[in-house]
Amino acid sequence: MCEDHHEDHHEDSHEDGRGGLARRALFVTGAAAALTLGSVSFAAAAEGGQESRTLRGTLPPGSPDFVYVPVEVPAGVREIKVSYTYDRPSVPAGTTGNALDIGIFDDRGTDLGGRGFRGWSGGARTEFFVRADDATPGYLPGPVREGTWHIALGPYTVAPQGLSYEITITLTYGEPGEAVRPVYPPERARGRGRAWYRGDCHLHSWYSDGRRTPAEIGALARAAGLDFINSSEHNTHSAHAHWAEVAGDDLLVMLGEEITTRNGHVVAIGTDPGTFVDWRYRARDNRFGRFARQIRRAGGLVVPAHPHATCVGCNWKFGFGEADAVEVWNGPYTPDDEVTLADWDSMLVASVRGERGWIPAMGSSDAHRDPDPVGSPQTVVLADDLTREAIQEGIRAGRSYVAESARVSLSFRASGGRGEHAGIGERLTVGRDTPVTVRLEVTGAPRCTVRFVTDQGVVHTSAPLPVAGAGVVEWRSTPSYAAYVRAEVRHEAAAGPIPGPLAAFTNPVFLGR
């Protein structure tokens with residue numbers, strides 16, 4: 001997986017399913033990034049029979065990111081099934097315990113890029129199966145061909161005592177079932193022409209670690225007033241073929257993935273059906289650019305998710321040079337979102353200095369299960385139509401704002417003295433000293449406060465909006481004073497000078513030539 005190469009030999013043992021033990025040599029390949037055990041073999045069995053093998057071992061603290069168990073699969077296999085358990089010893093406060101992810105690659109191998117990828121469930125399941133006509137959610141149905149398969153283990157965290165595991169592999173012999181032909185959702189829904197469309201681009205179903213079916217998510221999306229959603233399962237595209245019946249004239253379903261690496265997560269939005277993006281690398285490997293380009297070649301957007309989240313492996317460390325947008329608001333508004341908002345604003349300042357192009361902001365729910373609300377927050381995009389391409393173009397251009405729900409609507413624009421005007425994500429092209437009026441119209445935000453933010457920081461704070469939730473706030477400036485202006489709508493603060501949580505915020509309007 002990495003360009004450096006060395007081998008370290010260790011010893012482990014496995015039980016062969018008949019009570020016997022056999023020693024297995026293990027070796028590390030690629031800068032301690034992957035550990036490969038000796039292979040597990042099966043003998044061909046009679047038609048309709050089953051055969052199992054059980055492997056046991058212990059991984060020490062500091063184990064590589066991935067451990068592969070080669071499985072020699074003979075001809076005539078109808079189904080491969082894998083189950084596993086591992087110990088969860090008590091650990092001191094502040095110390096990570098054991099967490100072991102799992103997936104599988106077929107006879108095409110484990111090379112980076114995922115040609116042999118057949119599924120990943122992370123830590124969401126204790127067993128899975130794959131056969132031609134069906135597979136466990138998170139896994140891809142297809143033939144179980146003769147050759148060397150690999151069970152992929154991901155020791156996400158390892159306790160000081162080590163991680164002891166047990167894996168049971170069961171092969172069922174017989175004629176394969178009839179292969180399933182995937183059907184994907186359409187790339188277009190019935191739109192309203194050029195209009196503001198509401199969407200949630202970060203969602204999880206039972207095809208990764210969520211607990212909802214696609215149908216349940218679709219119903220919740222419609223109830224939340226959404227026009228589009230994006231399938232974004234962790235490290236698998238297995239859900240792509242299960243959204244066609246959810247989509248409709250009133251709901252565009254785009255297809256993607258949440259690429260969940262050890263150095264941060266990135267959401268691919270609106271990739272071609274069947275696109276898989278590998279996740280087995282770290283920032284120090286200098287591989288992310290390759291996969292960001294793959295997302296774009298597949299017609300998708302590259303959006304780092306929750307960049308300052310505090311969970312293990314969630315903090316974004318790949319930089320933003322490949323980002324098409326950034327998820328500034330993820331789920332319920334929390335302190336890490338506030339940090340991300342400030343970080344994003346700093347990037348806007350850098351873009352004004354000409355150091356880089358600006359990166360638009362987004363918001364998504366990252367909903368997994370009840371009671372996680374779908375569509376809170378949601379990204380509201382000005383697009384020419386309700387199609388994959390039009391929605392993506394609006395997101396990429398920054399013609400969008402983020403709202404906590406469909407109850408909140410914003411209209412934000414800047415205008416000059418001679419009829420010039422610009423909206424969200426646009427530039428008002430006027431002279432440096434030209435008077436500019438910035439105007440925000442709000443509905444659905446009772447008792448909220450409006451703040452205007454520029455490259456100098458917060459420059460205007462309104463009085464609370466009325467209980468009815470509607471109001472208009474204006475501010476006047478010049479491009480020499482404010483290179484850009486963006487709006488924040490915030491709930492009342494609980495106490496003191498700390499600003500309340502967001503109800504909505506906009507991408508900026510840029511001022512000047």
Side-chain angles (χ1 to χ4, degrees), residues 307-308 319-321 323 325-329 333 335-363 397-403 410-418 420-442 445 448-465 471-493 496-513:
H308 290 281
F320 296 93
V326 58
E327 187 186 77
V328 166
W329 184 354
Y333 197 76
D336 63 280
D337 297 305
E338 190 73 31
V339 173
T340 304
L341 181 66
D343 194 29
W344 171 68
D345 189 79
S346 296
M347 289 192 286
L348 292 178
V349 174
S351 73
V352 168
R353 293 199 303 262
E355 296 175 6
R356 57 164 304 148
W358 77 284
I359 303 173
M362 294 185 64
R399 295 194 305 267
S400 62
Y401 64 89
V402 180
L410 305 181
S411 175
F412 184 54
R413 68 189 315 177
S415 57
R418 298 182 178 179
E420 309 98 332
H421 61 271
I424 300 172
E426 298 176 339
R427 177 174 292 277
L428 181 66
T429 306
V430 294
R432 282 178 48 82
D433 297 319
T434 300
V436 170
T437 300
V438 178
R439 177 184 176 90
L440 179 74
E441 299 177 26
V442 188
C448 287
T449 298
V450 173
R451 307 201 314 176
F452 291 138
V453 185
T454 75
D455 49 312
Q456 297 194 62
V458 178
V459 293
H460 179 74
T461 302
S462 75
L465 296 171
V472 176
V473 179
E474 290 189 345
W475 177 69
R476 291 173 177 80
S477 186
T478 64
S480 61
Y481 183 81
Y484 65 84
V485 184
R486 59 180 184 84
E488 297 177 356
V489 181
R490 290 185 178 261
H491 291 285
E492 293 177 285
I498 299 174
L502 283 175
F505 76 95
T506 72
N507 275 301
V509 178
F510 292 93
L511 307 178
R513 302 186 187 281

- Item | Stepwise side chain to side chain contact (heavy atoms under 4.5 Å, CB included) check, L341 with L502 | CA-CA 10 Å; L341 181 66; L502 283 175; 4.1 Å; yes

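- Of all heavy-atom pairs between T449 and P464, the closest is OG1-CA, 4.2 Å.
- Contact detail for A504 and A403: the closest heavy-atom pair is CB-CA, 4.0 Å.
- To the nearest 0.5 Å, the span separating CZ on R513 from OG1 on T429 amounts to 7.0 Å.
- To the nearest 0.5 angstrom, D455 atom CG is 9.5 Å from Y481 atom OH.
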- Message: Using side chain to side chain contact (heavy atoms under 4.5 Å, CB included), reason through T340 and W329 one step at a time and then give a plain yes or no.
- Response: CA-CA 8 Å; T340 304; W329 184 354; over 6 Å; no

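- Checked by atom type and distance alone, the side chain of R427 pairs as donor or acceptor with a backbone atom of G512 at under 3.5 Å.
- Annotation: the span from C448 atom SG to E492 atom CD amounts to 8.0 Å, rounded to 0.5 Å.
- Under the 30°/60° scheme for interplanar angles, the aromatic rings of F452 and H460 are found to lie parallel.
- Taking each heavy atom of A483 and V352 in turn, the nearest pair found is CB-CG1, 3.5 Å.
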- Query: Could you walk me through whether V328 and V402 pass the side chain to side chain contact (heavy atoms under 4.5 Å, CB included) check?
  - Reply: CA-CA 9 Å; V328 166; V402 180; over 6 Å; no

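- Heavy-atom minimum distance, A482 versus W475: CB-CH2, 4.1 Å.
- Shortest non-hydrogen contact noted between H491 and A503 is NE2-CB, 3.6 Å.
- A side-chain donor from one of N507 and S400 sits under 3.5 Å from a side-chain acceptor of the other.
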- Just do the side chain to side chain contact (heavy atoms under 4.5 Å, CB included) check on V436 and L428 with the steps written out, would you? CA-CA 9 Å; V436 170; L428 181 66; 3.7 Å; yes

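- You'll find the side chain of V326 reaches within 4.5 Å of the side chain of P307, heavy atoms only.
- Side-chain atoms of D345 and Y484 include a donor-acceptor pair closer than 3.5 Å.
- Of the charged side-chain nitrogens involved, at least one lies within less than 4.0 Å of a carboxylate oxygen, so that E338 and R490 count as a salt-bridged pair.
- Side-chain contact check for V485 versus L511: some heavy-atom pair is nearer than 4.5 Å.
- Between atom CG of residue L440 and atom OG1 of residue T506 there is a gap of 7.0 Å, rounded to the nearest 0.5 Å.
- Rounding to the nearest 0.5 angstrom, the gap separating the CZ atom in R413 from the CZ atom in R439 is 9.5 Å.
- Once rounded to the nearest 0.5 Å, the distance linking CG of D343 with CG of L348 reads 10.5 Å.
- Smallest separation of non-hydrogen atoms from L465 and A445: CD1-O, 3.5 Å.
- Looking only at distances, no side-chain donor or acceptor of E488 sits under 3.5 Å from a matching main-chain atom of V453.
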